[in-house]
Amino acid sequence: MTTVGSNSQNLPKPLWLLAELTYACPLQCPYCSNPMDFDQYTRQKELSTEEWIRVLREARQMGAIQLGFSGGEPLVRQDLTTLIAEAHQLGYYTNLITSGVGMDVSRVAEFRSAGLDHIQVSFQASSEELNNFIAGTQAFEHKLAMAREVKKQGYPMVLCFVLHRENIEQIQDILELAIALEADYVELATAQYYGWAWENRNQLMPTREQLAAAEEIAHEYQAKTQGKMKIYYVVPDYYENRPKACMNGWGAVFLTIAPDGTALPCHEARQLPNLEFPNVRDASVDWIWNESPAFNAFRGDDWMKEPCRSCPEKGKDFGGCRCQAYLLTGDARNADPVCSLSPHHEQVEAVVSAARAVNLGQAEAKPLLFRNPQNAKRWRNSNT
Amino acid sequence: MNLNEQDCVKLSPLFRFQWEPAQNCHVLLYPEGMIKLNDSAGEILKRCSPDKSIAELIQELEQQFPAAEGLRDDVYDFLEVAHDNGWIQFAKPA
Ligand code: SF4
Ligand code: SF4
């Protein structure tokens with residue numbers, strides 16, 4: 001978040017609360033950020049309306065201000081209007097992060113009167129065929145209709161496209177679509193390779209050439225739409241020499257509450273070993289944020305190993321992403337191997353060249369593993 | 001920038017403005033983001049309304065803060081920045 005004219009040095013506050021209301025979703029995106037075993041978190045295990053309201057109140061009291069309702073598909077929750085109304089009344093800026101599936105004209109209006117501030121609609125591509133293929137469902141026409149409705153009813157609208165090898169070359173069509181739909185903001189985010197996207201990385205990861213071409217077009221449109229539509233282009237870090245300042249630091253700004261009440265410093269963190277993530281059913285948000293061992297595990301820099309520990313840049317990127325460090329080096333305390341100073345940097349290069357080999361047809365391409373309960377079960381059986 | 005002092009100032013529909021106790025300041029909220037405002041920016045924005053001209057706004061601030069020097073310039077500077085950032089729009093008085 002940007003700061004203008006303020007220099008007060010505050011203790012970390014959970015400014016950003018991400019409420020993952022459910023993992024249920026009618027779509028099947030192969031880069032979904034939900035856990036591989038999302039199907040284990042059944043609807044019965046989800047927090048109730050009352051439990052969510054308590055979480056909203058407690059987090060707000062601690063300074064949370066941005067609230068994202070996400071999932072899964074948050075529209076699956078029938079109590080969404082109640083939660084929006086409560087959040088609005090508490091003073092949150094409320095963001096609905098949705099695929100648009102499950103939305104209709106009257107719900108868009110109902111949310112508006114409950115005080116919803118903004119709707120982010122995700123698209124899988126700019127063409128009906130590819131969009132429906134990636135989403136694993138016939139959703140494109142409905143998404144278009146809902147995006148138009150969102151604007152018609154006066155919301156600020158963000159359109160979000162996750163970019164990967166299959167759709168990145170259509171970036172110009174994507175941006176033209178966003179202009180036609182009068183988006184206020186467009187988020188072009190390359191898939192982050194965890195969970196489902198990690199499983200599908202060889203099929204999803206764009207090449208360096210694809211990225212360079214896409215970036216050029218994104219910049220061109222940034223200049224062209226200045227003052228009308230803001231384009232966020234999130235560069236993938238696999239081709240970089242320095243990691244991203246993941247989550248702005250562990251337990252610094254972000255608090256994610258998973259559908260079953262598990263509190264996470266980042267929605268990917270559940271995969272990290274040896275950490276027991278607290279649950280809002282057992283503890284207050286205050287204790288979770290300030291006291292729990294999991295939220296303190298990677299605060300500050302005492303946990304760091306070399307080369308981060310003595311690195312002059314550690315205040316800038318906090319050593320990168322813990323999940324990426326764990327995934328690629330086996331130890332979450334290592335430097336994010338995206339960093340060229342990391343002794344494990346070649347792991348990232350190996351991932352990139354494996355994906356490149358598949359792209360060039362030199363290695364066998366597996367079919368995309370779509371996110372659905374059957375595949376989750378199949379994956380579990382073959383990985384345990 | 002050439003401000004027309006007869007114009008009034010409207011907050012852009014893309015932003016929400018509020019006092020935020022945990023930050024101890026006024027903030028502008030927008031999709032997934034927040035801008036913290038300093039005291040004078042907060043004092044200016046909270047007085048903006050679609051039926052108040054910039055001239056009236058400045059007058060009101062001068063009455064409220066009689067000791068402030070260069071107030072008019074500060075208001076001009078802020079409105080310029082706010083307009084460039086898309087936080088506010090200028091409109092003919094309602
Ligand atoms: S990424 Fe796709 S499948 Fe996953 S929750 Fe979002 S819309 Fe559903
Ligand atoms: S060594 Fe660690 S702190 Fe230094 S730039 Fe690399 S990741 Fe960041």
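Protein chains get the first letters and strands the later ones, always in sequence-line order, with residue 1 at the start of each. Heavy atoms only: backbone and side chains are in, while hydrogens, waters and symmetry mates are out. Since we're looking at a predicted model, the values are computed, not measured.
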What part of [X] gets within 4.5 angstrom of chain B, counting heavy atoms only: side chain, backbone, both, or neither?
| X | value |
| --- | --- |
| A:Gln120 | side chain |
| A:Tyr93 | both |
| A:Glu187 | side chain |

- Tell me, out of A:Asp184, A:Thr94, A:Ile97, A:Val158, who's got the most heavy-atom pairs with chain B below 4.5 Å.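 When all of A:Asp184, A:Thr94, A:Ile97, A:Val158 are compared, A:Asp184 has the most.
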- Query: Any idea which of A:Gly68, A:Gly91, A:Gly154 has the most non-hydrogen atom pairs under 4.5 angstrom with chain B?
  - Reply: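 The answer is A:Gly91.
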Which pair of non-hydrogen atoms, one from [X] and one from [Y], has the smallest distance, and what is that distance?
| X | Y | result |
| --- | --- | --- |
| A:Leu15 | B:Met34 | CD1-CE, 4.1 Å |
| B:Glu32 | A:Asn95 | N-OD1, 3.2 Å |
| A:Tyr232 | B:Tyr30 | OH-CE1, 4.2 Å |

Do other residues, nucleotides or ligands put more than 12 heavy atoms under 6.0 Å from the [atom1] atom of [X]?
| X | atom1 | result |
| --- | --- | --- |
| B:Glu5 | CD | yes |
| A:Gln226 | CD | no |
| A:Lys151 | NZ | yes |

- Message: Is B:Pro31 in contact with chain A via its backbone, its side chain, both, or neither, using a 4.5 Å heavy-atom distance?
- Response: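 For B:Pro31, the contact with chain A is made by backbone and side chain together.
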- If you round to the nearest 0.5 Å, how far is CG of B:Leu29 from CG of A:Asp117?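 Taking CG in A:Asp117 and CG in B:Leu29, the distance rounds to 7.5 Å.
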- Task: Check the pair A:His118, B:Leu14 against side-chain contact (heavy atoms from CB on, under 4.5 Å), reporting the backbone distance first and the verdict last.
- Result: CA-CA 9 Å; A:His118 143 241; B:Leu14 290 179; over 6 Å; no
- Message: Is there a salt bridge (charged side-chain N to carboxylate O under 4.0 Å, His left out) between B:Glu20 and A:Arg60? Walk through the geometry before answering.
- Response: CA-CA 11 Å; B:Glu20 189 55 13; A:Arg60 178 73 185 129; 2.6 Å; yes
